[in-house]
Amino acid sequence: MSRADAARRDWQERIHRASGEVIPVNRLELPAPEGLRAEPGAGHVTLTWEPVPGAIGYLVHRDGRPVTQPDVDVPAVPSCRFVDTGHGPAAYAVAAVASMEVTGAFSAPVHAGPLDGPAGVVVRVDPGTVTRPLPRPWQFMIGSEHLSHMLSEDHTGGRPIGPELTAALRRVREELGVQTVRAHAILCDDLGVYKEVDGAPVYDFSGVDRVYDTIMEFGLRPVVELGYMPRDLAADPSKTVFGYQAIISPPKDFEAWGDLVRALVEHLAERYGIQELVDNWAFEVWNEANLAVFWSGTPSEYFLLYDVTAAAVKNVHPDLRVGGPASAANGWVEELLAHVGESGAALDFVSTHTYGNAPLDWRPALQRHGRAGTPIWWTEWGPTPTHFHSIGDGPFGAAFLLHGMKAAAGRLEALAHWVASDHFEELGRPPRLFHGGFGLLTVGNLRKPRYHALALAARLGPQELAAEVSGDPGGVEVWAARHDDGRVGVLLWNGTLNHAQAGGDPGLARTVTLEIPGLEGEHQLTHHRIDERHTNIEAVWQGMGGGDWPAAGQWAELAAADGLAELAPPVRVRGPVRLEFLLPMPGVSFVELTRLQP
């Protein structure tokens, strides 16, 4: 029997096994969280409670309704702490969440209301106590518009699309240390991977080679999102999404789909080497099939697609990584776990998406399904799922990203910001420079505050330090680390999840007293800041008069202003450090101490 015949028989067997109904989610009964406390502070109420075994997160109610935002797709929070801002006195209750379908009983309500300001906090960092190697969940993966966009010779705002998108991906690799990129539509017809001639399939991977060769040249590797559907293979090619009309239909022939996937992976192995793929690449099955806008088939057809795809990838090499469900808003994770437990399909990582909140903790669900330790990849994440929403262009986005990254640190492998660049055309190309794009970088590759926040996180050393915040923190958080040469970095931010306060709220500002005892010798202290007036390229543009697009000379002026601002000039300090400053909301401070030679 030939290799192709053996693979086809395997796919036929999986098709038969996966053709039934979706496995129902295992429904659990979770008790109400105990010990709910509501602590009033200046401009906020902070809720804390005891963890519930088996919970992936917690739902907070205010006056009997979920605490949510218009552009947050999952209101549940991952940990046992929630800071509520921008509201008056209220009754609060919390419930544990076992899956997106199962919420446990609510706690008895507690009542509290915010206090008036001002308020202060003390941040204490111990430079001699290392807690763990510093996790860097932003480094594994970044999102991008479909990679064929790198081949575009068009212009947006007078700027060349292809070269600037390529430069943006190069920059996140070189400056943020990002290792992989995930993008849509590698199988779409603009790259010409699949045609049928006289009823027979014809493969052409030369377009795929062009985009993968490009990113490989500067050190990125792809997480290959296997989608969307080539026209000649689609059951219904009229079903499309996005301005570039990606086909969201199931295949008309699942065996032919499996043949295509296997041929693609074999081609990549021949071009780049199988060990390169095993060590550095991964394959994700489709994108957000739990939304009708991205999958016109049934749930059962998606799980069939998953099984056929996973088998095709593993047929090339058993150590290649394949996973999913790449779902929107935490959907279908339990369902896929249950399904592969029945079908036997490979699942090397679990992937899902969320926007506007810190990612939930799926480890208890993996443990329930006998898959403890399976990597968890959030392959899309950011401040909002809504196109053209300005909330991410200013400093609010910077504080939000740091909150999410620290919440994810140590419990998941990847929290991939969606996306690197505003050269993005899902719903049309950018209409103006600051339009609420998903990118960390604007058209023209100017750094938004979000980009600078991740760059500051990347500057932290490899050894995480013990740090604590006392007083009335509200949304103030701290992350500290040191380098092997003794350099100490302290990253502080002040944020909220309340979009109504994204433009700032003086009542949430905090006077910070930073204490670093136990520091010996002389150091140079630098203090960088992101807020409305510092490291905010959008504010620079508005100060220049704003408008849709810069004139030719204005691009150079903006590029000259695209740097990380200092709150004060560097100073020399000796011995223990005590520094006092005002941290607005939203705002980010980075205090770095570099040892000076005697």
Side-chain angles (χ1 to χ4, degrees), residues 41-44 46 83 85 115-127 394-403 406 449-450 452-457 459-461 465-482 487-496 501-519 522-536 539-540 563-596:
H44 73 94
T46 295
V83 181
T85 68
L115 305 176
D116 294 331
V121 298
V122 175
V123 176
R124 189 178 178 89
V125 175
D126 183 352
F396 176 89
F400 173 84
L401 256 66
L402 293 174
H403 168 74
K406 184 155 190 243
R450 277 180 285 160
H452 285 290
L454 289 185
L456 288 174
R459 280 177 60 167
L460 289 172
L465 297 176
E468 61 181 12
V469 183
S470 59
D472 183 2
V476 174
E477 299 177 78
V478 59
W479 212 355
R482 76 182 186 200
R487 184 162 28 115
V488 172
V490 182
L491 188 54
L492 303 107
W493 59 93
N494 187 1
T496 178
Q501 297 172 298
D505 185 336
L508 293 174
R510 292 294 185 269
T511 298
V512 174
T513 301
L514 172 62
E515 296 179 350
I516 310 178
L519 201 64
E522 190 175 27
H523 292 75
Q524 177 170 275
L525 184 153
T526 58
H527 188 173
H528 292 97
R529 168 61 63 82
I530 304 170
D531 60 27
E532 183 61 32
R533 298 184 298 109
H534 300 87
T535 319
N536 183 2
V540 173
L564 185 60
E566 291 182 341
L567 188 64
V571 297
R572 291 191 172 201
V573 295
R574 181 175 292 277
V577 169
R578 188 177 190 276
L579 181 66
E580 187 173 297
F581 54 90
L582 183 69
L583 184 60
M585 196 300 297
V588 177
S589 271
F590 182 68
V591 176
E592 191 171 46
L593 293 130
T594 303
R595 182 73 178 266
L596 298 174

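- Taken from NE2 in H452 to CZ in R459, the straight-line distance is 11.5 Å, to the nearest 0.5 Å.
- Considering all non-hydrogen atoms of both residues, D531 and R533 come closest at OD1-N, 2.8 Å.
- At least one side-chain heavy atom of T46 sits less than 4.5 Å from a side-chain heavy atom of H44.
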Using side chain to side chain donor-acceptor pair (under 3.5 Å), reason through T526 and E566 one step at a time and then give a plain yes or no. CA-CA 7 Å; T526 58; E566 291 182 341; 5.9 Å; no
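- The shortest non-hydrogen separation linking P395 to N536 is CD-ND2, 3.7 Å.
- What you find for A453 and I530 is that their closest heavy atoms are N-CD1, 3.8 Å.
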Residues W493, F400; criterion side-chain contact (heavy atoms from CB on, under 4.5 Å); working and verdict: CA-CA 9 Å; W493 59 93; F400 173 84; over 6 Å; no
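- The minimum heavy-atom distance between P449 and A398, with the atom names listed, is O-CB, 3.5 Å.
- With T535 contributing its side chain and A565 its backbone, the two residues share a donor-acceptor pair below 3.5 Å.
- The two residues V125 and A467 come nearest to each other via the heavy atoms CG2-CB, 4.0 Å.
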Step by step, would you call L564 with L456 a side-chain contact (heavy atoms from CB on, under 4.5 Å)? CA-CA 9 Å; L564 185 60; L456 288 174; 3.4 Å; yes
Would you please test L525 and V591 for side-chain contact (heavy atoms from CB on, under 4.5 Å) and show each step? CA-CA 7 Å; L525 184 153; V591 176; 4.0 Å; yes
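- The CZ atom of F396 lies 11.0 Å from the CZ atom of R450; values are rounded to the nearest 0.5 Å.
- Checking side-chain atoms of K406 against main-chain N and O of E477 turns up no donor-acceptor pair under 3.5 Å.
- Every residue meeting the side chain to side chain contact (heavy atoms under 4.5 Å, CB included) condition with L596, not counting sequence neighbours, appears here in chain and number order: E522, Q524, R572.
- Note that CG of L567 is 5.0 Å distant from NE2 of H534, once rounded to the nearest 0.5 Å.
- To the nearest 0.5 Å, atom CD of residue E515 and atom OG1 of residue T513 are 6.5 Å apart.
- Residues passing the salt bridge (charged side-chain N to carboxylate O under 4.0 Å, His left out) test with R487, sequence neighbours excluded: D485, E592.
- Interatomic distance, R482 CZ to D126 CG, rounded to the nearest 0.5 Å: 9.0 Å.
- Considering all non-hydrogen atoms of both residues, P473 and V121 come closest at CA-CG1, 3.3 Å.
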Dump the intermediate steps for side-chain contact (heavy atoms from CB on, under 4.5 Å) on T85 and D505, then the final yes or no. CA-CA 10 Å; T85 68; D505 185 336; over 6 Å; no
All N/O donor-acceptor pairs, side-chain side in residues 573-590, below 3.5 Å, sequence neighbours left out:
from	atom 1	to	atom 2	distance (Å)
S589	OG	H527	NE2	2.7
S589	OG	R529	NE	2.9
S589	OG	R529	NH2	3.0

